[in-house]
Amino acid sequence: MAVRFSTSAALQQHLNGVCKKAVEDTAKTAGEKLKECIKEQYYDDPGFYPEVYERTGQFLEHAAYQLLSDSSAKIYVDTDGMHYGNNFDPWQVVSWASESKHGADYYQTDTTDFWTVFTGWCNENLINILKYNLRRYGLKTR
C-alpha cells in the first residue's frame, strides 16, 4: 500500500520517523554486540583470571548506545556510570581493556581486544543491519 504525502514537510517527517526507528534498532543491536564482545574478549579471556580482585561486572553492564539525531547514534562504554569501590578510574579500565590488558598495565594477554573485534563486526555488518531495519519500516533499499 503506497503512502501519499500532500506536502514535502509531511514526507520529511515520515522519513525522519522511519530513519529514527531503523537507526535506534540498529544501535540497539550494535550495543548488544558490544556487550557480547566485552564478555567474550575480556571477561572470558582464557589468558587471564583475576586472582587479586573480584570482578564487579561494571564494565560489562555499561555497554550502551545513544541516539544523537533521527539519523545517527553512538555505541560506547558508559564510563560515567561505572563506579569501582577500589577507586579505579573507569576510563583507564576501558582503555586497558581495549589493549587486552586487565586492571593494570602489566596484565597483558594475547587475546584480541574487545574493541578490535567489535569494530571488525561493525564494519562487516552494520550497513546491512541498517538496510534491513529501513526495509522493515517500509523504506526500500538496495
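Note that these values count all heavy atoms, side chains included, but never hydrogens, waters or copies made by symmetry.
To the nearest 0.5 Å, atoms CG (L34) and CD1 (I75) are separated by 8.5 Å. Here Q66 contributes atom CD and K74 contributes atom NZ; the two are 5.0 Å apart, rounded to the nearest 0.5 Å. Summarising the geometry, atom NE2 belonging to H83 is positioned 7.0 Å from atom CD belonging to Q58; distances are rounded to the nearest 0.5 Å. Rounded to the nearest 0.5 angstrom, E24 CD and T29 OG1 are separated by 10.5 Å. In this structure, SG in C37 is found 11.5 Å from CG in L60, a value given to the nearest 0.5 Å. Atom CG of residue D110 and atom CG of residue D45 lie 9.0 Å apart, to the nearest 0.5 angstrom.
Within the structure, salt bridge (charged side-chain N to carboxylate O under 4.0 Å, His left out) contacts touching residues 80-103 (residues at least two apart or in different chains) are E99-K101, K101-D105. Within the structure, ring pair (Phe, Tyr, Trp, His ring centres under 6.0 Å) contacts touching residues 116-142 (residues at least two apart or in different chains) are W115-F118.
Considering only residues two or more places apart in sequence or on other chains, E40 meets the side-chain hydrogen bond (donor to acceptor under 3.5 Å, both in side chains) condition with none of them. Looking at residues two or more places apart in sequence or on another chain, you find no side-chain hydrogen bond (donor to acceptor under 3.5 Å, both in side chains) involving S98. With sequence neighbours excluded, no residue satisfies side-chain hydrogen bond (donor to acceptor under 3.5 Å, both in side chains) with E32. Shown here are the side-chain hydrogen bond (donor to acceptor under 3.5 Å, both in side chains) partners of D44, two or more places apart in sequence or in another chain: K39.
T116 contributes no side-chain N or O that, together with a main-chain N or O of T112, makes up a donor-acceptor pair within less than 3.5 Å. Looking at Q41, its side chain never comes within 3.5 Å of a backbone N or O of D113 through a donor-acceptor pair.
Within 6.0 Å of CD on Q13 lie no more than 12 heavy atoms contributed by other residues, nucleotides or ligands. Around atom CD1 of I127, no more than 12 heavy atoms belonging to other residues, nucleotides or ligands sit under 6.0 Å away.
Of the N and O atoms on the side chains of N16 and Q12, at least one donor lies less than 3.5 Å from an acceptor on the other residue. For the residue pair S69 / S72, a side-chain donor-acceptor distance below 3.5 Å is found, with atom types taken as modelled.
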Q: Might you work through the side-chain contact (heavy atoms from CB on, under 4.5 Å) test for Y65 and K28, ending with a clear yes or no?
A: CA-CA 7 Å; Y65 75 90; K28 189 180 296 185; 3.4 Å; yes
Q: Show your reasoning for whether side-chain contact (heavy atoms from CB on, under 4.5 Å) applies to K35 and E61.
A: CA-CA 7 Å; K35 189 173 184 175; E61 295 305 318; 3.4 Å; yes
Q. Which is it for N133 and K21 under the side-chain contact (heavy atoms from CB on, under 4.5 Å) test, yes or no, and what are the steps along the way?
A. CA-CA 8 Å; N133 285 326; K21 289 177 190 175; over 6 Å; no
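Here the rule is ring-ring contact (aromatic ring centres under 6.0 Å, His included) with F114, and of W96, Y42, F59 only F59 fits it.
When the side chains of ILVMFWY residues are joined at heavy-atom separations under 4.5 Å, either directly or via intervening members, V94 and Y43 end up in a single hydrophobic cluster. In this structure, L134 is not a member of the same hydrophobic cluster as L68, with clusters built from ILVMFWY side-chain heavy atoms closer than 4.5 Å.
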